[in-house]
2 protein chains.
Amino acid sequence: MREDFFTLRTVMWDKGKVRMIDQTVLPQRLVYKDYDTWEGVADAIRRMVVRGAPAIGVAAAMGVAVAAQSSKADDKEGLLKDISRAAAGLRATRPTAVNLFWGIDRVVAAARSARGGVDKMVRTVISTAVEMAEEDVETNRRLGKVGEPLIEDGDVVMTQCNAGALATVGYGTALGVIRAAAEAGKCVKVIVNETRPALQGARLTAFELVRDGFHCTLISDTAVGYMMSSGRVDKVIVGADRITKDGHVFNKIGTYQVAVLANRHGVPFYAAAPYSTFDMRRTHDKVVIEERAAEEVFQVRGKRITPKGIAIANPAFDDTPPELISAIVSDKGLIGRPVEDNISSVIR
Amino acid sequence: MREDFFTLRTVMWDKGKVRMIDQTVLPQRLVYKDYDTWEGVADAIRRMVVRGAPAIGVAAAMGVAVAAQSSKADDKEGLLKDISRAAAGLRATRPTAVNLFWGIDRVVAAARSARGGVDKMVRTVISTAVEMAEEDVETNRRLGKVGEPLIEDGDVVMTQCNAGALATVGYGTALGVIRAAAEAGKCVKVIVNETRPALQGARLTAFELVRDGFHCTLISDTAVGYMMSSGRVDKVIVGADRITKDGHVFNKIGTYQVAVLANRHGVPFYAAAPYSTFDMRRTHDKVVIEERAAEEVFQVRGKRITPKGIAIANPAFDDTPPELISAIVSDKGLIGRPVEDNISSVIR
């Protein structure tokens with residue numbers, strides 16, 4: 001087992017540019033892309049060059065930072081206007097993951113409260129975004145330690161989508177818990193659900209866990225029920241794109257059905273997310289589920305799989321209600337059952 | 001709406017050869033392949049050139065017929081030996097769908113009971129196989145009429161895999177019920193689950209239903225739960241590869257989880273199958289679930305989707321227990337709840 005898990009960084013600030021792993025070409029190629037405009041960062045978020053709730057929160061904050069850096073404004077009011085325009089554009093990229101709004105809000109607030117002149121404001125925005133990236137890895141390591149006791153030596157753990165290093169700046173949330181369990185000396189095997197349409201399980205979770213030396217088994221999304229009914233799954237752990245104050249977990253499409261099946265078969269179902277994923281102002285009925293482009297469904301890695309003339313539905317997320325959740329792992333502590341009642345005492 | 005649904009025939013006897021639609025290249029190309037050896041037919045069944053429980057039953061029977069036809073034996077004993085060898089080879093192709101064994105048993109029994117000489121025995125085997133193909137379409141039309149009252153005007157019906165014309169000689173079982181409802185003047189819309197790994201929903205069900213003018217919506221397998229929880233599904237109807245005497249439905253991988261979700265959301269779940277799919281000698285614990293090649297999961301239409309070094313699980317079928325089944329539609333009549341008690345009074 002490697003000593004330091006997944007040392008690659010998904011999002012980073014590099015000499016005035018936002019550098020990100022291009023997740024659309026993984027696992028075949030590991031390519032970095034540099035962005036020096038907020039529009040470029042927004043496009044990267046939209047096209048899922050970068051994805052995963054914590055990662056897009058930091059990427060969006062850095063998007064605001066490049067906008068501040070390249071602003072031609074010579075007073076703070078003009079600079080704030082440029083920052084606000086970038087913030088609005090970045091906010092409009094994806095509606096479901098709350099970290100996006102959290103990340104943008106935080107750098108905008110830092111700009112507003114910056115003392116000194118225009119230069120100081122720019123430096124404050126950049127340093128806040130860079131700090132957020134550093135904090136993200138620390139937050140995930142803390143979260144991993146909180147969740148690690150849930151995993152027993154020898155467990156086979158199923159996961160949906162990618163809540164790993166690639167969904168964050170590094171280390172991961174759900175996969176961070178698995179990494180922490182391995183660091184504590186436990187043997188953990190992972191069942192990776194491929195997670196159509198965008199195949200984040202087959203492409204990204206498989207990539208980073210195989211790279212770290214974990215034993216992984218890939219299954220089609222159709223085989224989740226069979227794996228559970230044949231007794232091959234000990235635990236399920238997933239990430240989250242938004243957790244509302246009433247304990248609903250919004251996560252990648254397919255999560256809800258995995259939770260329903262886990263519940264039927266008595267398999268514990270955990271969600272793992274940092275404090276920035278909690279939306280303590282909204283209940284589940286107020287969350288918009290993003291509907292993405294038809295192409296994601298009607299083709300796979302560029303190959304068309306269905307005839308013309310068919311309609312497509314492509315919801316990107318679903319809602320797992322609290323009664324299906326055994327516990328939520330956060331960096332602030334474990335939120336046990338009933339999660340809808342316990343959430344507010346852990347996340348303040 | 002077309003007057004005569006899906007006039008193509010999936011499997012047919014054509015001048016001493018078995019002619020079949022090559023389902024591996026659909027929906028891009030509609031290609032027929034001819035087979036004049038039982039080994040060729042066995043390979044076609046194994047590779048899923050032909051698939052679907054009723055279709056492989058007839059294809060295997062025709063495989064025995066080409067073996068009989070090309071036998072060099074000059075006495076009935078020698079011919080029966082050649083027939084038995086072909087039968088054994090064809091039996092070994094796929095373990096789960098019971099129609100395969102039913103189809104082979106029927107032509108072998110016809111050979112054994114044939115009167116007259118070697119020529120007469122060959123003619124009997126061929127005519128039995130051809131009769132089975134003709135009967136299949138009639139059986140499905142009867143089955144369609146039995147199931148049609150379950151579908152209401154305006155229903156949105158979800159289906160898994162392909163239990164259509166392409167899974168049979170023609171018309172289909174689950175899709176036969178949908179066709180019968182349309183013939184009865186009802187408007188039926190269909191949600192097609194793509195059905196990884198082999199994508200029979202996206203490729204085959206979409207192909208034949210779009211061709212017949214049905215409004216279809218394709219979804220990823222991960223979106224089943226969301227479609228149900230958002231109230232967009234009125235009924236589910238699927239086919240079956242084997243129905244055991246205790247009322248368990250073995251069908252394409254993913255069926256079980258669709259049934260669990262339908263149950264949770266109060267959506268009626270129906271299975272449709274001809275009498276040849278019922279295994280009234282076995283209970284569910286005696287059925288072998290086929291494990292297919294890893295390639296089906298780690299690539300999609302020839303494109304690799306995951307890194308090397310990952311293990312693969314690829315169960316081809318799963319088991320839906322009777323408590324999740326609202327009714328089974330057969331050509332012998334409707335089997336209502338509790339299906340495990342009512343099955344033996346309908347299928348004798």
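Just so it is clear: chains get the letters A, B, ... in the order the sequence lines come, proteins before strands, and each one is counted from 1. Computation of the quantities below employed the complete heavy-atom set of this structure, encompassing side-chain atoms and omitting hydrogens, waters and symmetry-equivalent molecules.
- Contacts between residues 298-308 of chain A and chain B, counted as heavy-atom pairs separated by less than 4.5 Å, involve A/Val300, A/Arg301, A/Lys303, A/Arg304, A/Ile305, A/Thr306, A/Pro307, A/Lys308.
- Defined by atom type and a distance below 3.5 Å, a donor-acceptor pair is missing between the side-chain atoms of B/Gln200 and B/Arg51.
- In this structure, chain B has heavy atoms under 4.5 Å from both the backbone and the side chain of A/Val224.
- Formation of a donor-acceptor pair under 3.5 Å by the B/Asn162 side chain with backbone atoms of B/Gly164 is found in this model.
- Checked by atom type and distance alone, the side chain of A/Asn193 never pairs as donor or acceptor with a backbone atom of A/Thr195 at under 3.5 Å.
- For the options B/Gly225, B/Ser229, B/Ala202, heavy-atom pairs under 4.5 Å to chain A are most numerous at B/Ala202.
- Centroid-to-centroid, the aromatic rings of B/Tyr256 and A/His265 come within less than 6.0 Å.
- The stretch residues 288-297 of chain B places B/Ile289, B/Val297 near chain A, each with some heavy atom under 4.5 Å from a heavy atom of that chain.
- Of the two parts of A/Leu199, only the side chain, counted from C-beta on, holds a non-hydrogen atom closer than 4.5 Å to a non-hydrogen atom of chain B.
- Using modelled atom types, one side-chain atom of B/Arg242 and one backbone atom of B/Thr96 make a donor-acceptor pair closer than 3.5 Å.
- Both the backbone and the side chain of A/Arg203 come within less than 4.5 Å of a heavy atom of chain B.
- For A/Met227, the part lying near chain B is the side chain, with the backbone staying farther off; criterion is any non-hydrogen pair under 4.5 Å.
- Put simply, of A/Gly309, A/Ala206, A/Pro315, A/Cys216, the one with the most heavy-atom pairs under 4.5 Å next to chain B is A/Cys216.
- Judged by a 6.0 Å distance limit and a 45° cone about the ring axis, B/Lys189 is not positioned over the six-membered ring of B/Phe214.
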